[in-house]
Q: 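Got a structure here, written out as structure tokens. Questions coming.
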Amino acid sequence: QVQLVESGGGLVQPGGSLRLSCAASGRTFSDYAMGWFRQAPGKEREFVSAISRSGGSTTYADSVKGRFTVSRDNAKNTVYLQMNSLKPEDTAVYYCAAKRSIRLVVTDREYNVWGQGTQVTVSS
């Protein structure tokens, strides 16, 4: 199965942008549906976005809809999360996850491969 490594997190001011990347090892990345989740201190992990294995279908949490965009490049074994108009409440550790599936996967318990996470802090 694939292994995942996130990057691109950091400190950004409110209203700013960041692009997270999740690089996958292995030759079968295109078999995997991918998801992004986040966990803020003292809170449960929550769903952010998901993308199908082809990239043709995507879905978002209401809290990020219109601000975040998920995409993938199967030739580069990478999934991205473009985050615009960031708010302090977006501060969290962001995780990417993978599951071999033909459909979108939106619940964390269905994913069986996780990255180590990358910290995003939105603060002035």
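If you read the sequence from its start, that first residue is 1, and numbering goes on from there.
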Q: Taking the six-membered ring for Trp, are W114 and F37 parallel (under 30°), tilted (30 to 60°) or perpendicular (over 60°)?
A: tilted

Q: Output yes when a side-chain donor or acceptor of S25 lies under 3.5 Å from a complementary backbone atom of Q3, and no otherwise.
A: yes

Q: Is it the case that more than 12 heavy atoms not belonging to E110 sit under 6.0 Å from its CD atom?
A: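 Check passes, neighbour count above 12.
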
Q: Please determine whether the number of non-hydrogen atoms from other residues, nucleotides or ligands lying under 6.0 Å from atom NZ of K43 exceeds 12.
A: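 For K43, atom NZ is not crowded (no more than 12 foreign heavy atoms under 6.0 Å).
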
Q: Above 12 or not: heavy atoms from other molecules or residues under 6.0 Å from CD of E44?
A: no

Q: Nearest heavy-atom pair of S123 and P14: which atoms, and what distance?
A: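 Looking at all heavy atoms of both residues, the shortest contact is C-CD, 3.6 Å.
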
Q: Can you see which heavy atom on S85 is nearest to which on S17, and at what distance?
A: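 What the structure gives for the nearest pair is N-OG, 4.4 Å.
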
Q: Under the 4.5 Å side-chain heavy-atom rule for ILVMFWY, direct or indirect, which residues accompany L11?
A: none

Q: Search all heavy atoms of F47 against all heavy atoms of A61 and return the closest pair with its distance.
A: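 Smallest heavy-atom distance, with atoms named: O-CB, 3.4 Å.
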
Q: Strictly distance-based, threshold 3.5 Å: is any side-chain N or O of S101 a donor or acceptor partner for the main-chain N or O of K99?
A: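 Checking the backbone N and O of K99 against the side chain of S101, no donor-acceptor pair under 3.5 Å is found.
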
Q: Any donor-acceptor pair under 3.5 Å linking the side chain of Q116 with the backbone of E6?
A: yes

Q: Distance-only, no hydrogens or angles: does the S49 side chain make a donor-acceptor pair with backbone N or O of T59 under 3.5 Å?
A: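 Looks like yes, one N/O pair under 3.5 Å.
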
Q: Do R53 and R72 have side-chain heavy atoms sitting under 4.5 Å apart?
A: yes

Q: Could you go through the side chain to side chain contact (heavy atoms under 4.5 Å, CB included) check for R38 and S63 one step at a time?
A: CA-CA 12 Å; R38 66 187 182 186; S63 59; 3.5 Å; yes

Q: Could you work out the complete set of other residues in the hydrophobic cluster of L18, with links drawn between I, L, V, M, F, W and Y side chains under 4.5 Å apart?
A: V2, L4, V12, L20, F29, Y32, M34, W36, V48, I51, Y60, V64, F68, V70, V79, L81, M83, L86, Y94, V113, V120, V122

Q: Measure the OH-OG1 distance between Y80 and T69 for me, rounded to the nearest 0.5 Å.
A: 14.0 Å

Q: Ignoring hydrogens, what is the shortest heavy-atom contact between S30 and N74? Give both atom names and the distance.
A: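 Distance-wise, the nearest heavy atoms are CB-ND2, 3.6 Å.
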
Q: How far does CD of Q39 sit from CD of Q119, to the nearest 0.5 angstrom?
A: 11.0 Å

Q: Determine, stepwise, if the pair D90 / K87 fulfils salt bridge (Lys or Arg N to Asp or Glu O under 4.0 Å).
A: CA-CA 5 Å; D90 294 317; K87 305 175 181 179; over 6 Å; no

Q: Just to verify, which of D31, N112, V105 counts as forming a side-chain contact (heavy atoms from CB on, under 4.5 Å) with R100?
A: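 Among D31, N112, V105, the one that satisfies the side-chain contact (heavy atoms from CB on, under 4.5 Å) with R100 is D31.
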
